Each structure stands twice: as C-alpha cells, then as structure tokens.
Amino acid sequence: MRRSAFFLPTLKETPSEAQIASHRLMLRAGMVRQSAAGIYSWLPLGFKVLRKIEQIVREEQDAAGAQELLMPTIQSADIWRESERYDAYGKEMLRFKDRHDREMLYGPTNEELITQLFRDNVRSYRDLPKILYHIQWKFRDEVRPRFGVMRGREFLMKDSYSFDMDFEGAKRSYEAMFTAYLKTFKRMGLTAIPMQADSGAIGGNLTHEFHVLAETGESGVFYDIAYDDLAAKGEIDLAALNDLYAATDEKHVPGGPNVPPPERLREARGIEVGHIFYFGTKYSKAMNAMVQGKDGEPVFAEMGSYGIGVSRLVGAIIEAYHDDRGIKWPESVAPFKVGLINLKAGDALCDKTCDDIYAKLGAAGVEVLYDDRDDRAGVKFADMDLIGLPWQLIAGPKGLAQGVVELKNRATDEKVELSVDSALARLV
Ligand code: ATP
Ligand code: MG
Ligand code: MG
Ligand code: MG
C-alpha cells in the first residue's frame, strides 16, 4: 500500500477524550473513529489488525476441532423468554420492535440462538460432540462505554458453544477450549492468565476468565507471584497452571483454600480478554434441547460457552506494546510487516530504489506500507513510529550513494545499515 493513496488520517495532537494509551493511540494512528458512544468505525489500518486477530482466533478454534458458522446479530425475544433471560438481562440488552410489532433485540451473546439451532437440527448421540462458533458483532448497552474499543457498546466477539452427551465429554470440550485460548493469546504476544471466576448471569459452576495484566485493566485480580516469572519467560503452560493460584476479585476469598500466603499473593488489574463457562444443561433443559442417547433414552445436551473479545484485544495488545512515540505491534498482528520510507520522494535514485524494494517485497508476499509522500523526514519518522509497524526500511540519497539503506526494528529501536539485497533477505 502506498501511503499517498492510503486512507490513514493520523493525528498529531492527543485527543482529549481518550484516557488510556491504547485509546489515544488508536485515534492518533487513524485506526478507529467513534460514531456514537461506544460505537466505532474501523478505518483500514485498524480493520487490518482486527482481521489478523480474528484470523488467529479462527485458526486456533479450527485446530481445536470447533466449526465456524455465522449467526445473525438480530434475534427474536421469543427464545430469550424460553430461557427466562429476557427480563433478567436488563438494560444492557438493546430491544426494539419490527414493523409487525414483534419484539426483537441486538444479540449481546448467543446461547439461546445456538441452543435453538441445536434443538432443531441434532437428533442423536452419534452427532456429538460438537463445538460451534462464530465471530460476530454484539451489542451491550454498557452504562459506561469507555477506553475506546476496550469497552464498546458494539464489539466483535468470538463465541463458541459446546454440546456433549455427559459431563466427561463437556469437560473435554472445556479443556480443549482452555488450551486453545492459551495458544491464541500467546500467538498475539500476550500473556493471558486463566483465573478462577464467578459464573455470574450466564450461570454454571466451572468457569475461567483470561486476563492480560495492565494497570488500566478494569478488573481486579489476585494471583501467585510465580506467574510474573513465567510471564517474563513467556512460558505459561498447562502444567504450571495446575499448581498456581489465580482468581478474579469476585471469586477471591482472602485466606481461602489454595490462596498463597500474603508474601506470595499479588493483587493487580487485568483486562478480561476471554471467558469460558461450563453450564451443563441450563439452556438445553430450559429450551428442551435433547438428543437420543445410546440406550434410546433422550438426554439433555451438556453445554459450555467460550468467548473472546476480538475487538477488545486490539486495545489490550496496544496496552502491552507501546511507548511514548506510538504502537509497537507484535509481528503476528501487525497491519503491515514493513514500513518503507522514501526520504526524498522525487529524487530519481530514491524513487527507483524504493519502487523496486516495494515491488520485490510485494512479490514475496510481505505486506508493506510505502511512504512515498513528498514530506519532511521528521514527519515520516514520527508517523511510522506512531503506527508501529515492526520494521522500518529507510532509504535516503546519502545512504544510497554508498549503496545502503537503514533497517530499524520498532520494538528495540535497533538500526542497521545494509545493502538493499541484504535488507530484502532479512524481510522475506
Ligand atoms: P466485562 O466484565 O468486561 O464487562 P463480560 O464478562 O461482561 O465482560 P463476557 O460475557 O464474558 O463479557 O463476554 C466475553 C468477552 O467479550 C469478554 O471476556 C470480553 O473480552 C468481551 N467483551 C465483553 N464486553 C465487552 C465490551 N463492552 N466491549 C468489548 N469487549 C467486550
Ligand atoms: Mg460485561
Ligand atoms: Mg466480566
Ligand atoms: Mg465475562
């Protein structure tokens, strides 16, 4: 993509409405624009990141055996009456009527809809187990939408639903999702700690929330300080998790069983990026979702649901990866891998070299944002640091006269001078 053609409205000034770094940077880097409280348009740069995150989530869901489908955003109130959640859900649910006076709602989650699909289409134990998921926009009329996409009213969620014959099966599905979540967050460069959690409105008893630690996190969490060492090494695996305590403040009981002594207990803030529940037959019973068991007797499906805040993750990743100049994207979710800076647009050698690099990287499948604008070097450097692409390849007349370009790593600020060919070799 040529910067001169790209729709990328970056801002020099810090927008006054943004209280935390990720919100400020997403506005300044031209990733999103708010259209109403907690409702955002995703501009091309932000949308690319959203899609990358979505794709990592999708790949790990697929690898865990889940199948993707797509349910609508708009639901009928009827199924929510069946589950007795229509009144219980309260003001967070956006409700409206269609022209025939039928009560409708913008889905805040999809347990009812998936249970209806299952009930109407699955008959036998032979069809189980199943894990179904979609990545779809949700609406929750949050009292205090804030921090940009972190707490939006409209937001993108991945939600999976598992169906099993019995508790053992449901537990296997739960564990498959648990592991998939660890892999998913790790691929995005995040250390997300699974915390024992309170089951809240969805109901049930086996549940974990996945939290990324951040001072600006909205949730209070408690955990064994051993996590800090593991996180520093990037090594949170299943074996470690079995021994270590971690719980959200709603669940945490001071001095309770398994709670480490004060010198080993840390209290911190977390961003909830995922949440998994086992809730048994809560919905299948309420909505009469049965399959025929091995012995011919009908059995209520054992269910679980598993959410990931896809759009919230964009903010969470920025909270974890930024400095005072801008974002520092991990390569796996970066909107482009390379920012190519032509220091002197209009100079024949600079233009020719940059055009050539741009073509070669493109042919090799490397995503490049090419700053081909006729602007001051300082402006280009500041802009490129702000949007935070992992690599900057800088070509100017002085260097090119010696046959070199500069390759800068945004995360470490390390710069090296290289021939064009060696720079290309490093990037493909
Ligand atoms: P929170 O405690 O932050 O309000 P929640 O517990 O109500 O979240 P869940 O019902 O568990 O949310 O939904 C699954 C995931 O969807 C959450 O873990 C979170 O990552 C994401 N999510 C929930 N609400 C929002 C929101 N308003 N904006 C962006 N993401 C959200
Ligand atoms: Mg909530
Ligand atoms: Mg929560
Ligand atoms: Mg939750």
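Please read all numbers here as calculations on a predicted model, not as lab measurements. In listed order, ligands and their atoms are each counted from 1.
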Q. Any idea which atoms of ligand 1 are less than 4.0 Å away from a heavy-atom of Gly274?
A. 18 (O)
Q. Out of Lys158, Arg151, His211, whose heavy atom sits nearest atom 4 (O) of ligand 1?
A. Arg151
Q) Polar-atom distance check: Ile308 versus ligand 1, any N or O pair below 3.5 Å? A) no
Q: Measure the CH2-CE distance between Trp42 and Met26 for me, rounded to the nearest 0.5 Å.
A: 4.0 Å
Q. Numbering the atoms of ligand 1 from 1, which are under 4.0 Å from a heavy atom of Val149?
A. 29 (C)
Q.
Aromatic contact between Tyr174 and Tyr278, with the criterion being ring centroids under 6.0 Å apart: yes or no?
A. no
Q. Less than 4.5 Å apart, any side-chain heavy atom of Arg373 and any of Asp383?
A. yes
Q: State if Leu313 counts as touching ligand 1 under the rule of any non-hydrogen atom under 4.0 Å.
A: no
Q | Option with minimal heavy-atom separation from atom 29 (C) of ligand 1, where the choices are Met150, Arg146, Glu272, Arg153 | A | Met150
Q.
Taking a cutoff of less than 4.0 Å between a non-hydrogen atom of the residue and any ligand atom, is Val273 in contact with ligand 1?
A. yes
Q. With respect to the Mg ion (ligand 4), what is the nearest N, O or S atom of His275?
A. ND1
Q: Determine whether the aromatic ring centres of Tyr283 and Tyr161 lie less than 6.0 Å apart.
A: no
(Q) Under 4.0 Å between a side-chain nitrogen and a carboxylate oxygen: does that hold for Asp166 and Lys294? (A) no
Q.
Closer than 2.8 Å to the Mg ion (ligand 4): does that hold for any N, O or S atom in Glu272?
A. yes
Q: Determine whether the aromatic ring centres of Phe210 and Phe178 lie less than 6.0 Å apart.
A: yes
**Q.** Sub-4.0 Å atoms of ligand 1 with respect to non-hydrogen atoms of Glu142
**A.** 24 (N), 26 (C), 27 (N)
Q) Would you say ligand 1 has an N or O under 3.5 Å from any N or O of His275? A) yes
(Q) With the threshold set at under 4.0 angstrom, would you say Gly152 reaches ligand 1 through any of its heavy atoms? (A) yes
Q. Any side-chain heavy atom of Leu389 sitting closer than 4.5 Å to one from Met384?
A. yes
Q | Test item: Ile317 and Pro330 side chains (from C-beta on) under 4.5 Å apart, heavy atoms | A | yes
